[in-house]
Amino acid sequence: MSPPPSCDVAIVGAGPTGLTLAALLGRYGLSVVILEKQTAPYPLPRAVHLDGEAMRVLQAAGVADTFVSRMRVNPGMLFKDRDGTVLVDWSREMTVGPMGWHESYRFHQPDLEAALRARIDAMPNVALRWGATVSRVEQDSDGVKVVWPEGAIEARFAVGCDGAGSQVRAVLDTEWEDLGFRERWSVVDLHLTTDRGDLGDHSIQFCDPDRPATYVRGVGARRRFEMRLPPDAPEPDHEAIWQRLQPWISPADAQIERAAVYEFRSRLARDWQRGHVFLAGDAAHQMPPFMGQGLCAGLRDAANLAWKLAAVLGGSDAALMTSYSTERAPNARAFIDMSVALGRLINQTAAGQAPTGRMRSIWPDLGPGLGLRDGIGGALVPQIARADDQAAGGFYALVTAPYGLGLPEFNGGAWLAERGLIGVIVRPDGYALGGAADAEGLRALASVAEPWDKACRAHSASLTL
């Protein structure tokens, strides 16, 4: 299907971040065109982990409740030395967590992308164009023009969700800030042909300083091994891969579904916005996979960006968009820093300096942006009683009692009492605009949120999905 000649938002890249952003924008009633350079969906595994916050974003996008049946709750990760001793235990709770979802899931990326495509296929205001390799992005004070060899489209805004080799980032000439981690790893996806329950359900980081490796228990019969390569080593063939896998598995147990060599990096784009053009996902940040947070970070980008684009297109001041990168970049950097620290655990092991004990999930606050950063403003708020669904993409309040704020109100109970608050105003992306200890302060916060709330819903009133 050919895209229309113009739209509200043009998205470059039909991976999970771009598709999720399209679904979120489509829910707001905005017209969206996705341009994907590939001619068909990629059928093999890539990302394999989603956390509770990422599932909350997919809930907002309208796919989590159906897709969860294709996923597997992940019990966590163990860091072991070469003798098999557990150095760090990062086991996850096997109950639903504060986001309204389990803390950790395993999934098959082609399945997720198919679910997201089915969602946007049901949206008359969203179109997906395959085989469109973007060559130019032009902009003026009114919007952008995105050009590919066979066509062009005009939009108010454009978002590059086109991965680590982002053409949009290249067009914008945005530099990377290198955060210091760079290693080559062989990533091997296997499909079991025998029962290998002895491999276990936990992910395992094998902290052998000479031959570090990672094991991931995927969905169904899928298993993944990742193995660090020497800097100048050639890409291993299947024979070399099986030799490296010999301590754990053999060709009698599994078939290789995919083998690839990745350069794991830690870096942030210096500019996430140039005028009407934005970067999201791997186009804006890259991190080692040791926390499984690469895709999760992209979904956080989509959630932050979607409601702000909807609000500006609904009449809010365009200055709202400058808070996207200031809020998201420090949050993404916190996950990068932790991922790098876990990656360097192998070297600490070699030096006899390995930490031991238990590890907990982190929920970093947003960077400077909307509202105060006082321990509540910019913090991730738990989802209570599926409040996100009931708020339908708008702002809402967690309160200790009804206050007639003009926004949906839900009982925040013990979470508010622990913080000495009577209420918190929650943004559409699940983060707090701010909290208050008295009714006057809470009403003042609600009055700040109300215009954004109305604006981001402005186009959705007549939309039926």
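Residue numbers count from 1 along this sequence. Since the structure is predicted, the reported quantities are computational estimates derived from the model, not experimental observations.
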Undergrad: Check the surroundings of atom CD in E150: do more than 12 heavy atoms from other residues, nucleotides or ligands lie under 6.0 Å from it?
TA: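 Count over threshold, so yes.
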Undergrad: Using side-chain contact (heavy atoms from CB on, under 4.5 Å) as the criterion, list what pairs up with A303, not counting sequence neighbours.
TA: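 By the side-chain contact (heavy atoms from CB on, under 4.5 Å) rule, A303 matches V57, D429.
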Undergrad: With sequence neighbours left out, write down each residue that passes ring-ring contact (aromatic ring centres under 6.0 Å, His included) with F395, or none if nothing qualifies.
TA: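 For F395 the ring-ring contact (aromatic ring centres under 6.0 Å, His included) partners, ignoring immediate neighbours, are W307.
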Undergrad: Can you confirm whether E93 is buried at CD, in the sense that more than 12 heavy atoms of other residues, nucleotides or ligands lie under 6.0 Å from that atom?
TA: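 Open.
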Undergrad: So which pairs with a foot in residues 161-170 pass side-chain hydrogen bond (donor to acceptor under 3.5 Å, both in side chains), sequence neighbours left out?
TA: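 Applying side-chain hydrogen bond (donor to acceptor under 3.5 Å, both in side chains) to every pair that reaches into residues 161-170, excluding sequence neighbours, yields D162-S166.
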Undergrad: Out of E226, R223, H202, Q205, which residue meets the side chain to side chain contact (heavy atoms under 4.5 Å, CB included) rule with Y215?
TA: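 Answer after filtering E226, R223, H202, Q205: R223.
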Undergrad: So, H102 versus T95: side-chain donor-acceptor pair below 3.5 Å or not?
TA: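 No, no side-chain donor-acceptor contact under 3.5 Å.
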Undergrad: Do you know which two heavy atoms are closest between Q109 and A47, and how far apart they sit?
TA: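 For Q109 and A47, the tightest heavy-atom pair comes out as OE1-N, 2.7 Å.
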Undergrad: Examine the side chains of Y431 and N304 and answer whether a donor and an acceptor come within less than 3.5 Å of each other.
TA: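 There is no such pair between these side chains.
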Undergrad: Quick one: do R224 and R258 satisfy side-chain contact (heavy atoms from CB on, under 4.5 Å)? Show the steps, please.
TA: CA-CA 9 Å; R224 171 175 290 181; R258 185 191 72 135; 3.6 Å; yes
Undergrad: More than 12 foreign heavy atoms under 6.0 Å from CD of Q390: is that the case here?
TA: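 Yes, the 6.0 Å shell around CD holds more than 12 heavy atoms from other groups.
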Undergrad: Would D111 and R70 count as a salt bridge (charged side-chain N to carboxylate O under 4.0 Å, His left out) here? Give the steps.
TA: CA-CA 8 Å; D111 291 345; R70 306 291 299 274; 3.1 Å; yes
Undergrad: Given 3.5 Å as the limit, does a donor-acceptor pair link the side chain of D374 with the main chain of G377, or not?
TA: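 Between the backbone of G377 and the side chain of D374 there is a qualifying donor-acceptor contact (under 3.5 Å).
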Undergrad: Closest approach of A23 and R119, non-hydrogen atoms and distance?
TA: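 Looks like CB-CG, 4.2 Å.
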Undergrad: Tell me whether D140 at atom CG has more than 12 heavy atoms from other residues, nucleotides or ligands lying less than 6.0 Å away.
TA: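 Yes.
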